[in-house]
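Contents: one structure, followed by commentary.
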Protein chains: 2
Amino acid sequence: MSDTERAPRRSDATRHAILVAARERFAAEGYDRATIRAIAKEARIDPSMVMRYYGSKEGLYAAALDVDLGMPDPAGLDPREVGRVLVSHFLDLWEENEVLSSLLRVGTTSQAGAERIQGVFRDQLIPLARQVCPEPEQAATRAALIASQVLGMALTRYVLRLPPAVALGREEIVAWLGPTIQRYLTAPRP
Amino acid sequence: MSDTERAPRRSDATRHAILVAARERFAAEGYDRATIRAIAKEARIDPSMVMRYYGSKEGLYAAALDVDLGMPDPAGLDPREVGRVLVSHFLDLWEENEVLSSLLRVGTTSQAGAERIQGVFRDQLIPLARQVCPEPEQAATRAALIASQVLGMALTRYVLRLPPAVALGREEIVAWLGPTIQRYLTAPRP
DNA sequence: ACCGTAGGCCAACACGTGTTGACATACAAG
DNA sequence: CTTGTATGTCAACACGTGTTGGCCTACGGT
């Protein structure tokens with residue numbers, strides 16, 4: 001049951017090109033403004049190919065935006081440094097991976113996008129909070145606080161591009177947000 | 001030069017209805033998905049009236065989304081309470097006024113929307129930071145940090161609706177975010 | 001009572017969209 | 001070589017959009 005499919009199709013390159021182009025356009029313009037025609041043009045194929053391989057625009061979106069945050073295992077970390085490590089990890093994520101910008105744009109645009117973010121949050125962030133924070137039953141709340149700060153920085157810096165947020169240096173962000181995250185994660189309930 | 005126009009036109013009610021409907025639809029669906037036809041239907045008039053009174057969809061958007069945060073004067077406040085007061089003020093703003101949800105949705109959607117948020121940030125948030133924070137030349141940076149946390153909470157709670165963020169009580173949010181804002185505003189640069 | 005004008009509706013245009021099916025081509029198996 | 005199938009292109013459809021101009025209606029000043 002390991003590899004049921006062992007048929008490397010000749011069209012795999014095209015499929016991949018479509019996905020790359022889709023991530024690019026979705027990230028740059030959001031779900032509505034990113035058109036299948038523009039994606040197809042960027043992938044240098046015909047729009048109908050997108051339909052053939054992914055069924056519909058929604059299907060393409062679903063295929064393009066499967067996101068793995070790759071959260072580090074907090075077990076091996078200095079408990080007092082976990083805030084800074086997390087912020088640093090998120091910055092890496094946002095700067096190397098346009099999938100996240102795309103996800104955020106689409107999340108504010110469509111219900112399907114919002115639900116997808118809820119899924120990532122539930123499956124990848126809450127479990128981490130559950131491991132780290134003192135009272136596991138508060139994990140969801142604390143994860144939400146962390147999400148609010150991290151997504152907020154991503155929003156102002158990478159989507160809205162408020163000039164002072166863009167101007168911030170990487171280590172400045174870590175220094176400012178690290179303690180915040182640390183507190184949301186481990187401080188006693190106020 | 002006080003009141004150059006003293007002609008209460010008969011159509012003022014319609015104009016107002018259009019604006020109300022526009023804010024409603026923009027807030028609920030963002031710029032692209034909110035159609036002039038839907039706005040007109042909600043205002044119980046013909047789509048062409050929107051064009052007559054506001055010229056274009058962009059014009060309607062500009063008219064519908066002039067936002068005044070009504071930031072309190074920090075001079076009369078306990079300097080140690082300013083963080084909590086600001087968070088509380090923002091919560092009021094978000095819950096009573098759908099203009100802000102609208103603004104956030106549109107800001108992530110279109111360049112024009114992002115620029116509008118930049119304008120609000122520059123004209124209403126930075127000046128406040130300049131009044132409060134110790135070194136006025138850092139006001140922009142600190143205002144950006146505040147924006148990241150406040151907009152992030154608004155995003156997760158009112159737009160993405162992450163369940164734990166929605167479940168948070170008003171006083172919980174103030175208790176968690178207040179100190180964060182306070183630190184971003186007045187703590188020495190880390 | 002008259003009539004100019006503002007307020008409002010209707011039908012249509014031009015355009016861009018997602019989507020579809022018919023047709024061409026290149027590849028691999030017999 | 002022939003044939004079947006995967007890969008790709010082309011043109012078109014049906015629909016919804018922002019936008020426009022013509023037309024009707026009803027108010028308000030004279």
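All chains are named by letter (A, B, ...) in the order of the sequence lines, taking the proteins before the strands, and each is independently numbered beginning at 1. Side chains included, hydrogens not; waters and symmetry mates left out as well; all remaining heavy atoms used.
Within the 3.5 Å criterion, the main-chain N or O of A:Val85 finds no donor-acceptor partner in the side chain of A:Ser88. Although no hydrogens or angles enter the test, the distance criterion places no donor-acceptor pair under 3.5 Å between the side chain of B:Arg84 and the main chain of B:Gly178.
Heavy-atom nearest nucleotides on DNA chain D were determined for A:Ser48 and for B:Gly55, and the one closer to the 5' end corresponds to A:Ser48. Summary of the strand contacts: A:Arg52 and A:Ala34 both lie near DNA chain C, and taking for each the nucleotide with the nearest heavy atom, the more 5' one is attributed to A:Ala34.
Put simply, chain A comes within 4.0 Å of DNA chain D, heavy atom to any atom, from D:dT7 to D:dA12, going 5' to 3'.
Contact annotation for A:Tyr54: no contact, since no heavy-atom pair falls under 4.0 Å across all strands.
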Take B:Arg33 and A:Ser110 through the side-chain hydrogen bond (donor to acceptor under 3.5 Å, both in side chains) test and state the conclusion after the steps. CA-CA 9 Å; B:Arg33 282 158 126 93; A:Ser110 71; 4.9 Å; no
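In this pair, A:Phe26 and A:Tyr31 present their aromatic rings parallel. The plane angle is below 30°, not in the 30 to 60° band.
Residue A:Asp46 contributes atom CG, which lies 12 Å from atom C1' of C:dG21 at whole-angstrom precision. Note: CD1 (B:Ile45) to P (C:dG8) measures 8 Å, nearest angstrom. For the pair B:Arg44 CZ and C:dC10 P, the computed distance is 14 Å after rounding to whole Å.
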For residues 63-73 of chain B, please give each side-chain donor-acceptor pair under 3.5 Å, one per line with the distance, not counting sequence neighbours.
{"unit_1": "B:Asp68", "atom_1": "OD1", "unit_2": "B:Gly70", "atom_2": "N", "d": "3.0"}
{"unit_1": "B:Asp73", "atom_1": "OD1", "unit_2": "B:Ala75", "atom_2": "N", "d": "3.0"}

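The neighbour count for A:Arg170 CZ, taken as heavy atoms of other residues, nucleotides or ligands under 6.0 Å away, is above 12.
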